[in-house]
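To keep things clear, I will list the structure first and then write my remarks on it.
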Amino acid sequence: MASRKLDVEKLRAALDSQLSELGEHPYDGPVPELPDAAVQVVLRVYGKGLRPERDVARFAVRHLLDRLAASAPGRTVEVRVPPYAAVQCVAGPRHTRGTPPNVVETDPRTWLELATGRLTWDDAMNAGKISASGTRADLSDHLPLR
């Protein structure tokens, strides 16, 4: 799956604004590491009980969803993280119309924590943080992302 086009300047401005809110210095790392830096900053924001800026949170969620789709290619499971993004992934029977038979939905914070290994699939399911329907909707074999 091709990754989304990165608007470096827009992301860097949003990330720097978020870092400023945290009392930290602007991002000065290399551009290829910008997506992972955004993920880590959003997780720090959540950890402080704050709400991340929309552009940074959206990018972090999309970045990790794209990584999931690349590491588990297919169209059997639709993973939704409203209001930011959704992807189809996991090999198997392809769905073509209507609501997919295998759907996973969660909030942005839970998705970021699952994808980075800060939260396990079982713990998130037991806490009711994931809605998963369908026989193939268990993503525990694909998380955390490597």
Not counting sequence neighbours, which residues clear side-chain hydrogen bond (donor to acceptor under 3.5 Å, both in side chains) with [X]? List them please.
X: Gln18; value: Glu21
X: Ser133; value: none
X: Arg80; value: Glu78

Measure the shortest side-chain to side-chain distance between [X] and [Y] over non-hydrogen atoms and say whether it is less than 4.5 angstrom.
X: Val31; Y: Arg12; result: yes
X: Leu112; Y: Val81; result: no
X: Val61; Y: Val42; result: no
X: Ile130; Y: Leu114; result: yes

Could you give the distance from [atom1] ([X]) to [atom2] ([Y]), rounded to the nearest 0.5 Å?
X: Thr76; Y: Gln88; atom1: OG1; atom2: CD; answer: 8.5 Å
X: Thr106; Y: Met125; atom1: OG1; atom2: CE; answer: 10.0 Å
X: Phe59; Y: Asp7; atom1: CZ; atom2: CG; answer: 9.5 Å

Listed once per pair and sorted, the salt bridge (Lys or Arg N to Asp or Glu O under 4.0 Å) pairs that draw on residues 35-46, sequence neighbours left out: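 The answer is Glu24-Arg44, Asp36-Arg67.
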field: Qualifying salt bridge (Lys or Arg N to Asp or Glu O under 4.0 Å) pairs, either residue in residues 106-133, two or more places apart
entry: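 Applying salt bridge (Lys or Arg N to Asp or Glu O under 4.0 Å) to every pair that reaches into residues 106-133, excluding sequence neighbours, yields Arg109-Glu113.
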Identify the heavy atoms of [X] and [Y] that sit nearest to each other, and give their distance.
X: Ser71; Y: Pro73; value: C-CD, 3.5 Å
X: Cys89; Y: Ala72; value: CB-O, 3.2 Å
X: Ala137; Y: Asn102; value: N-OD1, 4.0 Å
X: Ser17; Y: Glu53; value: OG-OE2, 2.5 Å
X: Leu19; Y: Pro26; value: CD1-C, 4.0 Å
X: Ala38; Y: Leu11; value: CB-CD1, 4.4 Å

Worked check of side chain to side chain contact (heavy atoms under 4.5 Å, CB included) between Leu64 and Thr116: CA-CA 9 Å; Leu64 293 180; Thr116 59; 4.1 Å; yes
query: Can you list the residues that meet the salt bridge (Lys or Arg N to Asp or Glu O under 4.0 Å) rule with Asp55, with sequence neighbours excluded?
result: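 With sequence neighbours excluded, Asp55 shows a salt bridge (Lys or Arg N to Asp or Glu O under 4.0 Å) to Arg58, given in chain and number order.
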message: If the condition is side-chain contact (heavy atoms from CB on, under 4.5 Å), which residues does Pro30 pass it with, not counting sequence neighbours?
response: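 Checked Pro30 against side-chain contact (heavy atoms from CB on, under 4.5 Å); matches are Tyr27, Pro32, Glu33.
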task: Consider only side-chain heavy atoms of I, L, V, M, F, W and Y, link residues closer than 4.5 Å, and tell whether Val103 and Tyr84 are in one cluster.
output: no
Using residues 138-146 as the side-chain source, report each donor-acceptor pair under 3.5 Å to any protein atom, sequence neighbours left out, with the distance given to one decimal.
| from | atom 1 | to | atom 2 | distance (Å) |
| --- | --- | --- | --- | --- |
| Asp138 | OD1 | Trp121 | NE1 | 3.3 |
| Asp138 | OD1 | Ser140 | N | 2.8 |
| Asp138 | OD1 | Ser140 | OG | 2.6 |
| Arg146 | NH1 | Pro144 | O | 3.2 |

